[in-house]
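In what follows, every chain begins at residue 1, and chains take the letters A, B, ... in the order their sequences are listed.
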Number of protein chains: 2
Amino acid sequence: MATGRSHRPATRGRGIPEATVARLPLYLRALTALSERSVPTVSSEELAAAAGVNSAKLRKDFSYLGSYGTRGVGYDVEYLVYQISRELGLTQDWPVVIVGIGNLGAALANYGGFASRGFRVAALLDADAGLAGRLVAGLPVRHIDELESIVADNQVSIGVIATPAGAAQEVTDRLVAAGVTSILNFAPTVLSVPDGVDVRKVDLSIELQILAFHEQRKAGEDDRQEPDGDVPAVMPA
Amino acid sequence: MATGRSHRPATRGRGIPEATVARLPLYLRALTALSERSVPTVSSEELAAAAGVNSAKLRKDFSYLGSYGTRGVGYDVEYLVYQISRELGLTQDWPVVIVGIGNLGAALANYGGFASRGFRVAALLDADAGLAGRLVAGLPVRHIDELESIVADNQVSIGVIATPAGAAQEVTDRLVAAGVTSILNFAPTVLSVPDGVDVRKVDLSIELQILAFHEQRKAGEDDRQEPDGDVPAVMPA
DNA sequence: ATGTCTTTGTGAACGCGTGCACAAAGATGG
DNA sequence: CCATCTTTGTGCACGCGTTCACAAAGACAT
Ligand SMILES: NC(=O)c1ccc[n+]([C@@H]2O[C@H](COP(=O)([O-])OP(=O)(O)OC[C@H]3O[C@@H](n4cnc5c(N)ncnc54)[C@H](O)[C@@H]3O)[C@@H](O)[C@H]2O)c1
Ligand SMILES: NC(=O)c1ccc[n+]([C@@H]2O[C@H](COP(=O)([O-])OP(=O)(O)OC[C@H]3O[C@@H](n4cnc5c(N)ncnc54)[C@H](O)[C@@H]3O)[C@@H](O)[C@H]2O)c1
């Protein structure tokens, strides 16, 4: 596994910073709303406000894509929608499989935001044979044993995992072996994958704990109840 | 709104870096698993592997909490679980309300990971009068008009929004007015809140788009089908 | 054509986060 | 009590991301 750090001039032609990539969908959403209202152009200031970011940041982000603005006027909404869509790869169709059709998996299957951006649910998979054939969001749940053939037949490259944590690594291994190279993981586990496979995780529990941390700090600034004292002396040997 | 940037020595006493805070729940999860297996101590190397991070990073993270390790041995699992829990504010109970009990909201209500870390669902709220009284995960859905009294009576400081995007800002305003100061938002919208209120968002659609970007780049490295040429000339005036 | 006014695109400075590499701490064995 | 060996805690350097601030580009009016 070559680290490949030596060359790579930080920011180059196709080299869009990760932080910028993460914001492009945000801009796209704001632009789509403007497009639906038939707004022809927006300034970086307006668009930044709509997306909830700093305008200088937005301009720098766009500068990585090229010079698509017109000074004194702003950005052409339709053109920018197209450019960002193309950059994100949304001009093509992305078949997705969802594995684990329980509470969360079913909610995801019903989620309209999937189809709206070129993501098509190719199949719903579950290990529970009792679920097989049942319709969820208009699609039949299929047995996990069909995973390999479904991924191959539909050229699925993105998998969503909504199984219990204990099954997530096994499912991941099967997805990767079948040819999936991007995984969105909702199970609270660290997944290990080979190089070349991307994993992103969504973890509700972590988000809540981060909120709790800040919440506690806010409260502590007023109360200042226990500076340090009452820590149970559970010190190790 | 004072920016308050001038002083603030980057990292101080209670000043734990945000990136570290975001990793503490990860460490806590790994440590809890070790605790259940009655493992007494772990080295930074082992724990880092379990949490999927670099061991130096883990040690630096812990150094912000204090010196809880023993050189030559490692960290005492139970003690560390306690320290991290305390730091995250998980030694106390956090009542939470979930607003919008549709597909996603119901899945969240059913999620076991909530209660497991001191988060208690105080109420489920929905605007649909038809849902009122119906049991979801053992709790009755209550009408959104009860929001203010429920938040006040239960001292709720954390709210979860799972309504459609169009309703999210209005719900946010009501939550904030009622006293909620932390919001976890699942609706695909930018929320504006007053200073002192924290918002974290979970956005499935954005995650998928980020995956698609990298997926496209991977494919492009082999194919290199369209270098630039066939871009429709939709250039603005 | 010329001037004014708006807004982009970016150079530069700064701060945060990451990871290396190592000195010091302390456990453990003789 | 000393030597050895493991593992922590952290100084340091580096790179990424953010923000400021401004020159230049260009629209638009006269
Ligand atoms: N429900 C939530 O709001 C929520 C929130 C955050 C995270 N999560 C996580 O998402 C995951 C799913 O949550 P849920 O509430 O839907 O659980 P669930 O128990 O309702 O559903 C899990 C589904 O996965 C299936 N499954 C189990 N093993 C499988 C395997 N090896 N292959 C394929 N399918 C398998 C089960 O048959 C079941 O249908 C869990 O890891 C949970 O921790 C859930
Ligand atoms: N389902 C998913 O997997 C998923 C994934 C990502 C994001 N989201 C987002 O989460 C939100 C909910 O998704 P869903 O699939 O559960 O939708 P849903 O339509 O099933 O549920 C929405 C619920 O909110 C209630 N509601 C509407 N207006 C309200 C108001 N003003 N106050 C209180 N309740 C109100 C509705 O009565 C309904 O019960 C949406 O914004 C969606 O974009 C959903």
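A donor-acceptor contact under 3.5 Å links the side chain of A:Arg71 to the base of D:dA24. On a pure distance criterion of 3.5 Å, no polar donor-acceptor pair joins the side chain of A:Lys60 and the base of C:dG9.
In the region residues 39-53 of chain A, proximity to DNA chain C at under 4.0 angstrom, judged on heavy atoms, holds for A:Ser43, A:Ser44.
Distances from the side chain of A:Arg59 to the nucleotides C:dA27, C:dT10, D:dG11 place C:dT10 closest. With D:dG9, C:dG17, D:dT18 as the candidates, the nucleotide lying closest to the side chain of B:Glu18 is C:dG17. You'll find that the side chain of B:Thr70 is closest to C:dA27, out of D:dG17, D:dC12, C:dA27. The A:Asn54 side chain lies nearest to D:dT19 when the options are D:dT19, C:dG26, C:dG19. When each of C:dT8, D:dC20, C:dA25 is scored by its nearest atom to the side-chain atoms of A:Tyr75, the top-ranked nucleotide is C:dT8. Listed nucleotides C:dC20, C:dA25, D:dT18 differ in distance to A:Lys57; the shortest reach to its side chain belongs to D:dT18. Between C:dT18, D:dG9, D:dG17, one nucleotide has an atom nearer to the side chain of A:Pro17 than all others, and that is D:dG17.
Whole-Å rounding puts the B:Leu58 CG to D:dT8 C1' distance at 11 Å. Atom P of nucleotide C:dT7 and atom CG of A:Leu80 are separated by 16 Å, given to the nearest angstrom. Taking atom CZ of A:Phe62 as the reference point, atom P of C:dT7 lies 16 Å away to the nearest angstrom.
A distance-only check finds a donor-acceptor pair linking the side chain of A:Thr32 to the backbone of A:Leu28 [under 3.5 Å].
Checked options A:Leu175, A:Val121, A:Val160; the residue passing with A:Val97 is A:Leu175 (criterion: side chain to side chain contact (heavy atoms under 4.5 Å, CB included)).
Heavy atoms from other residues, nucleotides or ligands lying under 6.0 Å from CD of A:Glu18 number more than 12.
Residues A:Asp61 and B:Ser63 both approach DNA chain D. Their nearest nucleotides, taken by heavy-atom distance, put B:Ser63 toward the 5′ side.
A salt bridge is absent between A:Asp198 and B:Arg217: the closest approach of a Lys/Arg side-chain nitrogen to an acidic carboxylate oxygen does not fall below 4.0 angstrom.
Separation of the B:Tyr79 and B:Tyr68 ring centroids falls under the 6.0 Å cut-off.
Within the 4.5 Å cutoff, side-chain heavy atoms of B:Ser182 are placed close to those of A:Lys218.
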Residues 163-171 of chain B, side-chain donor-acceptor partners within the protein, below 3.5 Å, at least two apart:
residue	atom	partner	partner atom	Å
B:Gln169	OE1	B:Ser192	N	3.0
B:Gln169	NE2	B:Asp173	OD1	2.9
B:Gln169	NE2	B:Ser192	O	3.0

